[in-house]
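Here is the structure we will look at.
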There are 2 protein chains.
Amino acid sequence: MSETPESKVIDLKGLQIACQSCGLHELCLPMGIHPDEMDRLDTIIKRRRPLHRNDFLYHSGDTLTSLYAVRSGSIKTYSLTGEGEEQIIGFHLPGELLGLDAIHDGGHHCSARALETTSICEIPFEDLESLAQEIPGLQHQLFRLMSKELQSDEHFMLVLGKKTSEERLSNFLISLSTRFSQRGFSGTEFNLSMSRNDIANYLGLAVETVSRLFTRFQNAGLIQVNRKLIAIKNLEGLNELAGAKCKKVDKSIVLR
Amino acid sequence: MSETPESKVIDLKGLQIACQSCGLHELCLPMGIHPDEMDRLDTIIKRRRPLHRNDFLYHSGDTLTSLYAVRSGSIKTYSLTGEGEEQIIGFHLPGELLGLDAIHDGGHHCSARALETTSICEIPFEDLESLAQEIPGLQHQLFRLMSKELQSDEHFMLVLGKKTSEERLSNFLISLSTRFSQRGFSGTEFNLSMSRNDIANYLGLAVETVSRLFTRFQNAGLIQVNRKLIAIKNLEGLNELAGAKCKKVDKSIVLR
DNA sequence: AATAGTCATTGATCTAGCTCAATCTTTTTG
DNA sequence: CAAAAAGATTGAGCTAGATCAATGACTATT
């Protein structure tokens with residue numbers, strides 16, 4: 001985690017991609033701020049060498065020093081239950097900010113771990129806060145990003161609150177699809193960087209249920225599953241499942 | 001909703017309680033800012049006449065103009081599912097801020113409705129944002145409040161994600177108890193301003209299940225239920241239930 | 001005070017999804 | 001490359017909680 005340049009073959013200079021030239025700046029912190037202000041943001045952001053699979057970005061209990069933006073790869077966040085079981089809170093894709101939930105009391109209450117090789121921009125929070133004090137657009141964007149996360153948490157609470165396993169999984173797949181395409185990747189064909197176990201844990205289901213659902217969805221022609229690779233074949237159908245709340249007219253009957 | 005003073009017998013002047021003298025300022029927006037800055041905050045905050053039970057604070061689809069802080073009473077927020085059913089997102093107690101999730105795209109995605117007679121401070125968002133630009137403590141407190149909400153949303157996701165009905169309801173009761181005592185009310189005896197239906201909806205359970213659980217909890221000596229009035233008799237026991245994740249050692253056996 | 005309407009409780013049954021168990025596949029390690 | 005470990009799938013049965021149904025209690029209206 002140290003910043004000693006000599007300890008690596010990797011050209012750290014090459015990692016110093018500016019926000020300006022980053023394909024994610026329309027989603028990320030720099031959104032809506034002027035080019036010269038973006039330069040100031042760049043001066044506080046640290047680009048570190050990539051994390052490998054299972055590397056920790058931070059641990060539960062760590063003091064909050066920085067926020068982190070995913071540049072490529074993916075991260076899962078989780079906390080441990082009373083009995084020491086992992087409980088997954090979220091999966092974070094490129095352009096998404098981590099650590100916002102730690103601002104409140106200055107400490108992380110969950111751990112963040114790379115699901116695959118992942119590069120990260122580190123943004124020291126104190127610096128960011130001072131900069132936000134000077135750049136109205138940055139303050140606004142920070143409010144917007146936090147608000148967006150509140151919104152998506154609320155959406156997920158709705159999904160968990162009432163929905164059947166079918167609704168949960170279809171919502172999950174749609175969410176991934178949407179987020180991938182917003183980030184310039186294919187929304188119809190993508191890799192799941194997390195295990196079936198992680199998915200089940202996140203959705204509050206048993207692994208077996210998730211596995212069965214994948215087969216069912218595939219048999220119904222909604223998706224094509226090949227190990228970690230998912231191809232969405234019928235987004236419309238998935239959407240119907242995702243919104244299904246009818247008790248009487250059982251839409252899921254097509255899947256039997 | 002208009003501000004015409006002559007249309008009411010209520011002394012609107014009397015409603016103009018300053019943040020300074022408000023018992024909630026340690027929890028609410030003014031926390032951590034200096035007295036003279038608090039005065040500036042006071043100048044932008046509008047105190048309106050109280051909402052009555054079932055009055056709307058805002059509707060889903062409304063443009064975000066203000067954030068709202070609950071001064072007394074309680075508010076529920078909910079959105080409508082595809083099939084037009086109400087899905088409750090949260091219950092908001094005195095000192096809590098509403099509308100933060102609307103900053104992202106400037107519009108409310110849920111409706112907010114009073115559960116009982118409720119007074120509200122209205123804080124025009126644009127004014128608040130400008131003020132936060134000038135008062136670092138205010139910017140920081142806004143970040144903190146949003147972060148706190150993220151944290152509690154995450155906690156609730158954990159509860160919904162895996163937990164049994166017993167765990168869900170005990171978590172709910174503990175959350176209310178904690179929040180009431182933080183606000184200077186009794187944490188061991190309080191009124192539920194929401195219906196059993198609302199509770200069930202919020203927790204993703206059937207009304208009947210909630211009702212049965214109340215009786216079970218009462219029989220186990222954990223709580224005393226009298227209609228809307230709840231008395232916590234054994235907080236320790238509730239806490240155990242709330243954290244229960246053991247599959248083998250079934251703690252809930254005591255309740256049968 | 002009577003009536004209608006809403007809200008809450010209790011009982012009986014049914015089912016979605018969990019648990020347990022076995023097999024198969026992929027990844028890791030020596 | 002083989003062995004071991006981890007992850008994924010599939011099957012069979014069980015259970016927590018949903019649904020359906022009926023009754024009881026409180027609230028509001030006239």
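Small disclaimer: the values here were computed from a predicted structure and weren't measured. Every chain is numbered from 1 and lettered A, B, ... according to where its sequence line falls, protein lines coming before strand lines.
Not a single donor-acceptor pair under 3.5 Å links the side chain of B:Arg113 to the backbone N or O of B:Thr77. Counting only distance, with no hydrogens or angles, the side chain of A:Thr188 and the backbone of A:Ser186 share no donor-acceptor pair below 3.5 Å.
To the nearest angstrom, P of D:dA16 lies 19 Å from CG of B:Leu203. Between the C1' atom of D:dA16 and the CD atom of B:Glu166 lies a distance of 10 Å, rounded to the nearest Å. Atom P of nucleotide C:dG11 and atom CG of B:Leu213 are separated by 15 Å, given to the nearest angstrom. As a whole-Å value, the separation of A:Leu169 CG from C:dG17 P is 11 Å. Between the P atom of C:dG11 and the CZ atom of B:Arg216 lies a distance of 13 Å, rounded to the nearest Å. Atom pair A:Leu160:CG and C:dG17:C1' shows a separation of 15 Å (rounding to whole Å applied). Distance, B:Ile199 CD1 to C:dC7 P: 13 Å, rounded to whole Å. For the pair B:Asn219 CG and C:dT10 C1', the computed distance is 13 Å after rounding to whole Å.
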| task | Summarise how protein sits on nucleotides 5-13 of chain D as a single string, 5' to 3': B when a protein heavy atom is under 4.0 Å from the base, S for sugar-phosphate-only contact, - for no contact. | result | ---SBBBB-
Which side-chain N or O atoms in residues 198-214 of chain B pair as donor and acceptor under 3.5 Å with protein atoms at least two apart or in another chain?
residue  : atom : partner : partner atom : Å
B:Asp198 : OD1  : B:Lys76 : NZ           : 3.3
B:Asn201 : OD1  : B:Ile88 : N            : 2.8
B:Asn201 : ND2  : B:Glu86 : O            : 2.8

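Classification of the A:Tyr58-A:His108 ring pair by plane angle, with boundaries at 30° and 60°, yields parallel.
For B:Thr164, taking side-chain heavy atoms from C-beta onward, the closest of the listed nucleotides C:dG17, D:dG17, C:dT19 is D:dG17.
The salt bridge (charged side-chain N to carboxylate O under 4.0 Å, His left out) test applied to B:Arg183 returns B:Glu96, not counting sequence neighbours.
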| request: Tell me, with the steps shown, if A:Arg47 and A:Ser119 meet side chain to side chain contact (heavy atoms under 4.5 Å, CB included). | output: CA-CA 8 Å; A:Arg47 274 90 184 178; A:Ser119 23; over 6 Å; no
